[in-house]
Structure formats: structure tokens, C-alpha cells
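So the structure is just underneath, and the comments pick up after that.
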Amino acid sequence: MPDVRLAQAEAYLDAGRAEEARTLAGQVLAERPGDLAAGAVETRALLHLGRDGQARDRVQRLLAEHPESEQLWRLHAIASARLRDFAVAWQSSREAVRLAPSEWRTHYVAAQVDLWAGHPYADTWNRALEAVRLSPGNPEAHLLFGNVALAMKDLRSARQAYEETLRLDPQNAVARQNLGVVAIRMGDTTAAAAGFAGALGLDANVANAQRNLLVVTRIALNRVQLIGVGVMFAVVALVMGASAESGRVQLTCRLVAFVLWSGALAGAALYLRRAVRSGGAPLRGFLRAFPRRSPDSMTRVVLLAVALVALLAIIVAPFPFAVAGVPIAFLSLIICNLISWVQRFSSP
């Protein structure tokens with residue numbers, strides 16, 4: 001008859017109360033030292049608590065009595081990988097697969113160990129795919145396959161896997177965050193912003209979401225900055241080049257320059273508006289704290305605004321004043337480029 005204390009310990013683990021789970025499992029082990037189920041629960045509790053060395057010691061003692069348990073081999077693989085003993089972790093995970101090839105968790109752990117080791121290869125892909133095949137309705141299996149595909153740079157497969165994860169578990173913040181990673185690698189900053197902001201909306205503590213949103217805002221600024229440089233050269237060439245021409249030619253060149261300036265401004269505004277709308281309330285909240293989070297990027301925003309005003313002055317002001325706007329626009333954009341260059345080689 002199953003021990004009710006172990007059922008309670010499992011419930012504690014699911015609730016994140018690992019110390020209480022360990023206490024209950026320890027009571028059972030005090031009465032039955034070789035109990036497989038109790039030992040497995042205690043090992044899992046130790047892993048939850050971050051006591052990886054103790055977890056491996058416990059599971060190794062259990063394996064001496066129960067070498068046929070695929071669950072113990074899985075736990076041994078996890079503990080070993082966390083201790084960065086990847087050779088042992090690989091062997092243990094493959095032993096679990098050998099003992100229970102129809103159990104999705106064995107393939108899951110085998111693929112996860114390879115990811116932790118940082119060396120996914122063809123068998124990693126096969127193990128992750130087998131976990132999905134054996135448990136197609138399990139979001140964890142699809143999430144892992146997405147992680148493997150992302151590590152192996154198959155962005156299309158990764159995106160499909162994360163989308164399936166979210167179909168099965170719409171509240172999965174990690175899958176939404178990783179969709180943002182896929183989007184940014186595919187060059188879609190709007191979708192990336194939506195992914196990272198969506199992850200923050202689901203879990204404010206999700207790893208790297210704040211950092212990745214900062215990266216997206218910097219990429220957006222780089223694009224707006226590039227537009228600004230192009231418009232600056234076009235405006236200066238049109239207006240300054242027509243300075244010696246007749247009044248009608250000058251007016252025509254200024255009108256063309258104004259159309260370029262206003263079109264670039266409208267395009268940049270629409271691009272940024274679309275990105276902000278896609279991110280919703282979490283992104284708006286992030287942007288409200290943007291000056292504090294990244295003062296260097298905020299400086300770039302101010303400099304871009306200065307360059308924008310200077311370009312407008314070049315277009316509409318009489319020539320003595322228009323000429324004064326040229327060095328202001330140039331200097332503002334040069335400083336912007338210097339800041340973006342520094343940001344590229346520093347942590348966001």
C-alpha cells in the first residue's frame with residue numbers, strides 16, 4: 001500500500017516546498033532505508049534545493065540497490081550535469097534511455113544533458129523529437145525540442161515548437177521569451193518585442209526578458225539612426241547644393257528635402273508605434289523606466305531629436321541659418337554612432 005507521506009511529499013514538491021518534501025521522504029527512509037520511491041522523492045527535493053552533491057550521493061547509494069530504475073539514472077544524470085560532470089551525466093542519461101525507451105522523460109533528460117553541456121548534436125535532436133513523439137500533448141517536451149532547435153540554429157523548427165508549447169500552455173513565459181529570441185535572430189524586432197514583453201507580462205522574473213527588451217530597443221534605435229544618417233546626407237545635398245541656384249530651384253529642392261524628412265519621420269514613428277503596440281502594457285511599463293535602465297540609450301534618443309530639429313532648420317531656414325544646422329546634425333549623429341558602437345561591445 002502506498003505511503004501517504006510520499007503522496008504528500010510529491011504535493012509539496014509540486015508546490016515548491018522542497019524542504020518539507022525532503023523531511024517527509026526522510027521519515028520514510030528512516031523506517032525503510034532502501035525504499036526506492038522515498039529515495040527518489042528525497043533526491044528530487046535535494047535538486048530543488050540546489051544541493052546537487054548531496055542529491056548525487058543519495059541517488060548513487062540507491063542505484064547500488066536498484067540499478068534497473070530508469071528514474072534513478074535520470075536523477076543521477078541531472079545531478080551530475082549540474083555538477084558539470086557531463087561525461088558521467090551523458091552515460092547516466094543514455095542508460096535511462098536503454099532501460100525505458102518508451103518513457104518520454106528519459107529522452108527528455110538525455111537531450112537536456114546535451115544542452116547543458118553546450119554540445120547538441122544529431123542524437124540530441126533525435127532524443128528531443130522522440131520525447132515529443134511519446135508525449136505529444138506535453139508542453140515541456142515541445143519546449144525542449146524548441147530549445148534544441150534553437151541551439152542548432154534551426155529557427156523555423158524552434159518557432160514552431162515554441163508556438164505549439166504556447167498552444168498547449170498559453171501561460172508558459174519561457175516559451176514566449178524564446179519566441180522573442182527566435183524573432184530577433186530572424187530580424188523581426190516587432191515580434192521580438194512582443195515575445196519579450198509577453199514573457200514579462202506572464203512572469204516578471206523570467207530570465208533575461210528585461211535584458212532582451214533592452215537589446216530590442218537598441219536595435220530599433222540603430223535602425224532609426226541609420227534612417228537619420230541617410231536623410232541627413234540627402235537633405236544637406238539637396239539644400240546646400242541648390243544654394244547658388246535660382247529661387248524656384250531652391251524652393252523645389254527644399255520641398256523635396258521636406259518630403260524626405262517628413263516621410264522618414266513618419267516611417268520611424270510608425271515602426272516604433274507598431275513595436276510598442278505589439279508589446280502591450282508590459283512593454284509600455286518597461287519604456288516608462290527606460291531612461292533609468294539605459295541612460296546611454298536615452299542620450300541617443302535626445303541626440304536623434306536634436307539632429308531631427310537641425311535637419312528641419314536646414315530645410316526651412318534662410319541659408320546663413322541653414323548652414324549652422326549642418327554641423328549640429330552631423331555632430332549629433334556622430335555621437336549617436338559612437339554610443340551605439342560602445343554599446344555593441346559592452347553588456348546591455
[X] side chain near [Y] side chain, heavy-atom distance below 4.5 Å:
{"X": "Leu6", "Y": "Leu24", "result": "no"}
{"X": "Val148", "Y": "Gln112", "result": "no"}
{"X": "Thr217", "Y": "Leu287", "result": "yes"}
{"X": "Glu19", "Y": "Leu49", "result": "yes"}
{"X": "Arg58", "Y": "Leu29", "result": "yes"}
{"X": "Leu36", "Y": "Ser69", "result": "yes"}
{"X": "Leu168", "Y": "Asn138", "result": "no"}

Of all heavy-atom pairs between [X] and [Y], which one has the smallest distance, and what is that distance?
{"X": "Ala158", "Y": "Leu150", "answer": "CB-N, 3.8 Å"}
{"X": "Ala21", "Y": "Leu13", "answer": "CB-CG, 3.8 Å"}
{"X": "Leu283", "Y": "Ala193", "answer": "CD2-CB, 4.2 Å"}
{"X": "Gly180", "Y": "Ala192", "answer": "O-CB, 3.5 Å"}
{"X": "Leu144", "Y": "Ala111", "answer": "CD2-CB, 3.7 Å"}
{"X": "Ala199", "Y": "Arg176", "answer": "N-CD, 3.8 Å"}

Judged by modelled atom types alone, do [X] and [Y] share a side-chain donor-acceptor pair under 3.5 Å?
{"X": "Asp85", "Y": "Ser80", "answer": "no"}
{"X": "His76", "Y": "Ser92", "answer": "yes"}
{"X": "Tyr12", "Y": "Thr23", "answer": "no"}

Would you sort out whether Asp114 and Arg94 count as a salt bridge (charged side-chain N to carboxylate O under 4.0 Å, His left out), showing the intermediate values?
CA-CA 11 Å; Asp114 291 346; Arg94 267 52 184 188; 2.9 Å; yes
Please check this pair: side chain of [X] against backbone of [Y], looking for a donor-acceptor N/O pair closer than 3.5 Å.
{"X": "Asn172", "Y": "Ala175", "result": "yes"}
{"X": "Arg105", "Y": "Gln71", "result": "no"}
{"X": "Thr124", "Y": "Tyr121", "result": "yes"}
{"X": "Arg5", "Y": "Gly26", "result": "no"}
{"X": "Thr106", "Y": "Ala100", "result": "yes"}
{"X": "Asn337", "Y": "Leu333", "result": "yes"}
{"X": "Ser135", "Y": "Val132", "result": "no"}

Less than 4.0 Å between a side-chain N and a carboxylate O, is that true for Arg218 and Asp296?
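Looking at Asp296 and Arg218, the cut-off is met.
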Less than 4.0 Å between a side-chain N and a carboxylate O, is that true for Asp57 and Arg51?
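No, no charged N to carboxylate O under 4.0 Å.
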Atom CZ of Arg223 with >12 non-hydrogen neighbours under 6.0 angstrom
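Count over threshold, so yes.
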Has Arg274 got more than 12 heavy atoms of other residues, nucleotides or ligands less than 6.0 Å from its CZ?
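Result for CZ/Arg274: open.
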Show your working on salt bridge (charged side-chain N to carboxylate O under 4.0 Å, His left out) between Glu70 and Arg74 and close with a plain yes or no.
CA-CA 6 Å; Glu70 57 84 17; Arg74 279 192 284 116; 2.8 Å; yes
About how many Å separate [atom2] of [Y] and [atom1] of [X], when rounded to the nearest 0.5 Å?
{"X": "Ser93", "Y": "Tyr108", "atom1": "OG", "atom2": "OH", "result": "13.5 Å"}
{"X": "Trp90", "Y": "His119", "atom1": "CH2", "atom2": "NE2", "result": "14.0 Å"}
{"X": "Leu270", "Y": "Arg277", "atom1": "CG", "atom2": "CZ", "result": "10.5 Å"}
{"X": "Leu221", "Y": "Leu304", "atom1": "CG", "atom2": "CG", "result": "6.5 Å"}
{"X": "Leu143", "Y": "Asn178", "atom1": "CG", "atom2": "CG", "result": "6.5 Å"}
{"X": "Glu164", "Y": "Leu166", "atom1": "CD", "atom2": "CG", "result": "9.5 Å"}

Taking ring-ring contact (aromatic ring centres under 6.0 Å, His included) as the criterion, tell me which of Trp104, Trp125, Tyr162 meets it with Phe145.
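Of the listed residues Trp104, Trp125, Tyr162, the ring-ring contact (aromatic ring centres under 6.0 Å, His included) partner of Phe145 is Trp125.
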When clusters are formed by joining ILVMFWY residues with side-chain heavy atoms under 4.5 Å apart, either directly or through shared neighbours, do [X] and [Y] land in the same one?
{"X": "Phe233", "Y": "Val323", "result": "yes"}
{"X": "Leu83", "Y": "Leu47", "result": "no"}
{"X": "Leu312", "Y": "Val306", "result": "no"}
{"X": "Val301", "Y": "Val224", "result": "yes"}
{"X": "Leu238", "Y": "Ile328", "result": "no"}

Show your working on side-chain hydrogen bond (donor to acceptor under 3.5 Å, both in side chains) between Thr190 and Tyr271 and close with a plain yes or no.
CA-CA 8 Å; Thr190 300; Tyr271 166 68; 5.7 Å; no
Passes side chain to side chain contact (heavy atoms under 4.5 Å, CB included), Arg159 versus Met186? Steps please.
CA-CA 10 Å; Arg159 183 175 63 187; Met186 296 178 83; 3.8 Å; yes
With salt bridge (charged side-chain N to carboxylate O under 4.0 Å, His left out) as the test, would you mind laying out the steps for Glu130 and Arg127 before giving the verdict?
CA-CA 5 Å; Glu130 185 67 4; Arg127 298 281 70 77; 5.6 Å; no
Solution key, residues 258-268 side-chain donor-acceptor pairs under 3.5 Å, sequence neighbours excluded:
| from | atom 1 | to | atom 2 | distance (Å) |
| --- | --- | --- | --- | --- |
| Trp261 | NE1 | Leu308 | O | 3.2 |
| Ser262 | OG | Phe258 | O | 2.9 |
| Ser262 | OG | Val259 | O | 3.2 |

Give the intermediate values and the outcome of side chain to side chain contact (heavy atoms under 4.5 Å, CB included) for residues Leu303 and Ile339.
CA-CA 11 Å; Leu303 288 168; Ile339 294 173; 4.1 Å; yes
ILVMFWY cluster membership beyond Val309 - transitive side-chain contacts under 4.5 angstrom
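Members besides Val309: none; it forms no cluster.
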Test Ile335 against Arg300 for side chain to side chain contact (heavy atoms under 4.5 Å, CB included), laying out the working first.
CA-CA 8 Å; Ile335 297 173; Arg300 289 175 64 192; over 6 Å; no
Working for side chain to side chain contact (heavy atoms under 4.5 Å, CB included), residues Phe286 and Leu214
CA-CA 9 Å; Phe286 172 84; Leu214 198 54; 4.1 Å; yes
For Arg284, give me all partners under side-chain hydrogen bond (donor to acceptor under 3.5 Å, both in side chains), at least two apart in sequence or on another chain.
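Checked Arg284 against side-chain hydrogen bond (donor to acceptor under 3.5 Å, both in side chains); zero matches.
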